[in-house]
Amino acid sequence: MTATFLAGLVAGYGVAVPVGAIAVLILGLSARTSFRVGAAAALGVATADGLYAAVAVLGGAAVAAVVAPVAGPLRVVAAVVLLALAAHGGWRAVRPRAAAPGAPTPGRGIDTPGRAFAGVLALTLLNPATVVYFAALVLGRAEAARAAPAAAGLFVLGAFVASASWQLLIAGGGTLVGRVLAGPRGRLVTGLLSSVIIAALAVALLIVR
């Protein structure tokens, strides 16, 4: 049982650690808003990874076969959503602040915890490579493929814990960056930089096969 949990933990870190558009999005979101918003987005990613791990444990090869034909269209949808988020983030970084100094700004886009969780969860679920990745790992480990429900649950829990811990670390890093660059110019630079990187990664989704 412990070995199954550790296998899920390793699998979760394997899919979470590579820095991609979602990681940059969480980093920029935390720097621009607060750790609460960044943490909510991080938990959205971890929830999606946990769901995909569960689907892979339950479905294995059948799930991978179903996902493969729609991988291309889902990649395009994900790229379009990322480009929209990049444009929205860039606009928010450069737009004039109409509110008085110190006045709270209403949450828009994914700048509130609830919206950040739901938005990033949906965006992460658009990545079919994640479920294929978990399915390949499960099928490659015969004992995992034949695991009892309790052991399968531990594998999924391990994947969730790994993804959540890594994404929360990224959110915390974004919060530190936000505190260091708390002035208007710093927030402008980080907001634009985040948008440019997200846009570049979105284009890469369309180019790289």
Undergrad: Applying side chain to side chain contact (heavy atoms under 4.5 Å, CB included), name anything that partners Leu157, two or more places apart in sequence or on another chain.
TA: Phe5, Leu154, Val161
Undergrad: Which pair of heavy atoms, one from Leu43 and one from Ala164, lies closest together, and at what distance?
TA: CD2-CB, 4.2 Å
Undergrad: Grab the two heavy atoms, one from Ala53 and one from Ala159, that are nearest each other, plus how far apart they are.
TA: CB-CB, 4.0 Å
Undergrad: Specify the closest pair of heavy atoms between Ala42 and Leu168, including all atoms of both residues, with the distance to one decimal.
TA: CB-N, 3.8 Å
Undergrad: Using only atom types and a distance under 3.5 Å, with no angle test, would you say the side chain of Thr124 pairs donor to acceptor with the backbone of Val45?
TA: no
Undergrad: For Gly174 versus Leu27, what's the shortest heavy-atom pair and its separation?
TA: N-CD1, 3.3 Å
Undergrad: Please identify each residue that fulfils side chain to side chain contact (heavy atoms under 4.5 Å, CB included) with Val37, with sequence neighbours left out.
TA: Leu29, Thr33, Ser34, Pro113, Ala116
Undergrad: Apply side-chain hydrogen bond (donor to acceptor under 3.5 Å, both in side chains) to Ser165 and Tyr13, showing your working.
TA: CA-CA 9 Å; Ser165 62; Tyr13 280 123; 2.8 Å; yes
Undergrad: Gly38 and Ser30: which non-hydrogen atoms are nearest, and at how many Å?
TA: CA-OG, 3.1 Å
Undergrad: Going from CG on Leu126 to CD1 on Ile22, what distance comes out if it is rounded to the nearest 0.5 angstrom?
TA: 8.5 Å
Undergrad: Considering residues at least two apart in sequence or located in another chain, which fulfil the side chain to side chain contact (heavy atoms under 4.5 Å, CB included) criterion with Thr47?
TA: Leu51, Phe117, Leu121, Phe160
